[in-house]
2 protein chains.
Amino acid sequence: MATKTQDLKAIEKISKALGDRNRLNILQHITKKGGCAQCSEIHDIIDLAQPSISHHVKILTEAGLIEPEKEGRNFKYTLNTSVLNDYLKFLEKLKND
Amino acid sequence: MATKTQDLKAIEKISKALGDRNRLNILQHITKKGGCAQCSEIHDIIDLAQPSISHHVKILTEAGLIEPEKEGRNFKYTLNTSVLNDYLKFLEKLKND
DNA sequence: TTGATATATTTAAAAACTTCAATGTATTTA
DNA sequence: TAAATACATTGAAGTTTTTAAATATATCAA
């Protein structure tokens, strides 16, 4: 079963989102927190200006890897396990072809 | 068990290597060929000039995803399953933290 | 409503990436 | 040895990405 062009685009986007040290740190922080965290916490941990963090979070969100949920003044970000699983499946398939 | 900085660098490099449509196509071609292929075949399948393909293959090689093996005048590229597995393990861990 | 906090957007500059033409190197074949 | 084939490297143009300052918006608290 060949991979659709559309799927490949998603894979490309997810890979790109994962291809940055800061975004990997953000992801790790979110998952360590039990799958969710706030932007302000991230700011404490990563040495970047606030707009940069906002930008990285946006890229992770647009790739579908995390999902934002508004909680009053803050945001809660949750790892999207099903998107990650689809990505893993694609990579697994490379081994079995 | 926290991810070492060194490991994170490797993860970043692999993700970056995977973050390009052409490189994904090259990888898929190699794996479909039973885990190995020659540069010249890739040239037939992907619409890029030879130096571009050489460049992409180099990036995949430097990330450790494929391994080159000289075969006379040609090259044979093989998927490095163990590097891919380490990458998969890292991503799996994100889910279980 | 005013001030404070959390996050997003715009803009602009620097850095990194992609691509290809030109050229170089290694190997095979005639 | 000369020509042909396979791949690498260099250099340069165009594109994308990263970052932060400035600014905007939304919500909470007083």
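All chains are named by letter (A, B, ...) in the order of the sequence lines, taking the proteins before the strands, and each is independently numbered beginning at 1.
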The criterion is side chain to side chain contact (heavy atoms under 4.5 Å, CB included); which residues satisfy it with [X], sequence neighbours excluded?
X        : value
Asn85(B) : Lys95(A), Thr81(B), Leu88(B)
His55(A) : Ile59(A)
Pro68(A) : Thr61(A), Phe75(A), Tyr77(A)
Asn22(A) : Asp20(A), Ile46(A), Leu48(A), His56(A)

To the nearest angstrom, how far is [X] atom [atom1] from [N] atom [atom2]?
X        : N       : atom1 : atom2 : value
Leu60(B) : dT18(C) : CG    : C1'   : 14 Å
Phe75(B) : dT28(C) : CZ    : C1'   : 15 Å
Lys76(A) : dA6(C)  : NZ    : P     : 18 Å
Glu69(A) : dA6(C)  : CD    : C1'   : 16 Å
Leu48(A) : dT7(C)  : CG    : P     : 15 Å
His55(A) : dT16(D) : NE2   : C1'   : 10 Å
Glu12(B) : dT18(D) : CD    : P     : 10 Å
Ile53(A) : dT7(C)  : CD1   : P     : 10 Å

Phosphate contact ([N] OP1 or OP2) by [X] side-chain N/O below 4.0 Å:
X        : N       : value
Ser52(A) : dT18(D) : no
His56(B) : dC17(C) : no
Ser54(A) : dA8(C)  : yes

Contact list (N/O, under 3.5 angstrom) for nucleotides 24-28 of chain D vs protein:
none

In chain order, what residues pass the salt bridge (Lys or Arg N to Asp or Glu O under 4.0 Å) check against [X], with sequence neighbours excluded?
X        : result
Lys13(B) : none
Lys89(A) : Asp86(A)
Glu67(B) : none
Glu69(B) : Lys76(B)

4.5 Å side-chain heavy-atom contact, Leu65(B) and Ile14(B): yes

Tyr87(B) side chain reached by Leu91(B) side chain, heavy atoms, under 4.5 Å: yes

Any pair counted as salt bridge (charged side-chain N to carboxylate O under 4.0 Å, His left out), so long as it reaches residues 46-65 of chain B, sequence neighbours left out: none

Terminal axis angle for the helix from dT1(C)-dA30(D) to dA30(C)-dT1(D), five pairs an end, nearest 10 degrees: 20°

Which atom of Ile30(A) lies closest to which atom of Leu79(A), heavy atoms considered: CG2-N, 4.3 Å

Residue met sooner reading DNA chain D from 5', once Lys58(B) and Ile59(A) are mapped to nucleotides: Lys58(B)

Strand-adjacent residues in residues 14-26 of chain A, judged by heavy atoms under 4.0 Å from DNA chain C: none

